[in-house]
Structure formats: C-alpha cells, structure tokens
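Read the structure below first, then the notes.
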Amino acid sequence: MGKIIGMFFVLGGIMFLLYNWVLEQKSGSRRIGELVVFLQRSLFAMEEGKMQIIEYLKNYSSREKILEETLYEIAKRLEQKIYPNGEVVWEQVFWEKRQEWNLDEETFEIVLGLGKGFFGRKRGENVSFLQRGMMRLEERQTKKREKDAKERKVWIPVSMLGGIMLMIILV
C-alpha cells in the first residue's frame, strides 16, 4: 500500500513540475502579447492627438499586473523630474524589474529600446519607432510560441516516461 501511495506522489510531483513549467512558458508569451497590445493602444493615442504620457502610463490597465506596475513606476519617476529624460527612466525601471518580466535577452533589448519611441522629440519618428518595435515583438512572440511548442512535444512525454520508470523501479 505504501508503494502505491509513493508512486502516486512521484507521478503527482512530476505532473506538478510539468504544469508549472508549461505555465511559465505561456506567461512569457502572454507578457509579450500584452506589450504588443500596449504598443497598439499607445500608437492609437499618439496618432489621434496629444498624449499626456505620465497620465497615460499611470492609468493604463492591463491583464498583466507586472505591466501595470512597471508603467506606474515609470510615471511616478517621471513626475519627480530628477531624471534627464524619460528614456533613462524607462530603461532603469525595466532593468530593475527584469527578473519579474522573465523575458529572453533579445526580447528584453527590444523592450528597453521602446523608451525611444515614447520620449523622442518628433511624433512621426516616435510612431514609426513604436511600429517597428511592435513588429519585432510580434515576431519574437511567434518564435517563442513555436520554440515552446517544440520543447513541450519533447519534454512532456520524456518526463512522463521517466515518472513511469520511477514507479516501476519503486514497485
């Protein structure tokens, strides 16, 4: 009876680890998607008229709490007016929250560069820069989804077989 219970715990532990791993993979892709939505809304606001960047960042709502927190922190630091420009604030806040965002290196570099699109001098340049950044993020999201799907195709069956082999060994 103890062996059966032990087998269920081993298999349950493996399933739990797999579940968390898959959730972590999907959250990275979802965060990139939320950044793309944020850029789309920002582009619309820029093209429609004047945008008060501090108010826009403070009041932006998203399904991803980390995006809201990051944008609010940027707005809060911009209000202090102790930084030379908004791009510096953008980069500084994203660097501080890098672990929470959990983005790969190339995607993170794209996100850091987006500050130029929000705090540039000319609206036309800002819009074109944000459009390019949005396209690059969409490409990264597609690549990440494909890579994650390939990894899941390999690791889920391998780990389940490993769990079954452990159960056989325990029996």
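Residues passing the side-chain hydrogen bond (donor to acceptor under 3.5 Å, both in side chains) test with Asn102 are Glu24, sequence neighbours excluded. Not counting sequence neighbours, the partners of Lys144 by the salt bridge (charged side-chain N to carboxylate O under 4.0 Å, His left out) test are Asp148. In this structure Lys147 satisfies the side-chain contact (heavy atoms from CB on, under 4.5 Å) test together with Glu151, sequence neighbours excluded. Scanning for salt bridge (charged side-chain N to carboxylate O under 4.0 Å, His left out) contacts around Glu34 gives Arg63, with sequence neighbours left out. Under the ring pair (Phe, Tyr, Trp, His ring centres under 6.0 Å) criterion, Phe38 pairs with Tyr60, Phe118, not counting sequence neighbours. Phe108 pairs by the ring pair (Phe, Tyr, Trp, His ring centres under 6.0 Å) definition with Trp95, not counting sequence neighbours.
With contacts defined as side-chain heavy-atom distances shorter than 4.5 Å, the pair Lys116/Glu125 does not qualify. Contact check for Ile74 versus Phe94: side-chain heavy atoms found under the 4.5 Å cut-off. With contacts defined as side-chain heavy-atom distances shorter than 4.5 Å, the pair Lys65/Glu69 qualifies. Here the side chains of Leu130 and Met134 are not in contact, with every heavy-atom distance at 4.5 Å or above.
In this structure a side-chain-to-backbone donor-acceptor pair under 3.5 Å is present from Arg31 to Trp101. Although no hydrogens or angles enter the test, the distance criterion places no donor-acceptor pair under 3.5 Å between the side chain of Tyr83 and the main chain of Val88. In terms of modelled atom types and a separation under 3.5 Å, the side chain of Glu87 and the main chain of Gly115 share no donor-acceptor contact. A donor-acceptor pair is defined here as one N or O able to donate and one able to accept, closer than 3.5 Å; such a pair exists between the side chain of Gln141 and the backbone of Ser29.
Neither Ile110 nor Met135 shares a network with the other; the hydrophobic side chains, linked directly or stepwise wherever heavy atoms of I, L, V, M, F, W or Y lie under 4.5 Å apart, form separate groups for each.
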- Do Lys143 and Glu146 pass the salt bridge (charged side-chain N to carboxylate O under 4.0 Å, His left out) test, and can you show the C-alpha distance, the side-chain angles, and the key distance before you say yes or no? CA-CA 5 Å; Lys143 287 179 184 177; Glu146 291 170 357; over 6 Å; no
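For the pair Ala75 and Lys58, the tightest heavy-atom approach, listed with the atom from each and the gap, is CB-CG, 3.6 Å. Closest non-hydrogen pair, Phe129 versus Gly113, comes out as CE2-O, 2.9 Å.
For Lys76 and Glu79, the salt-bridge test fails: no basic side-chain N is under 4.0 Å from an acidic carboxylate O. Ion pairing of Glu139 with Arg136 is absent here, as no side-chain N (NZ or NE/NH1/NH2) approaches a carboxylate O to less than 4.0 Å. We find that Glu96 and Arg77 are joined by a salt bridge, their nearest charged nitrogen and carboxylate oxygen being less than 4.0 Å apart.
Separation of atoms CD1 (Ile32) and OG1 (Thr142) is listed at 9.5 Å; rounding is to 0.5 Å. Separating the NZ atom in Lys97 from the CG atom in Leu103 is a distance of 13.5 Å, to the nearest 0.5 Å.
The only option from Thr70, Leu67, Leu71 that meets the side chain to side chain contact (heavy atoms under 4.5 Å, CB included) definition with Ser62 turns out to be Leu67.
Around the CZ atom of Phe119, the shell of radius 6.0 Å holds more than 12 heavy atoms that belong to other residues, nucleotides or ligands.
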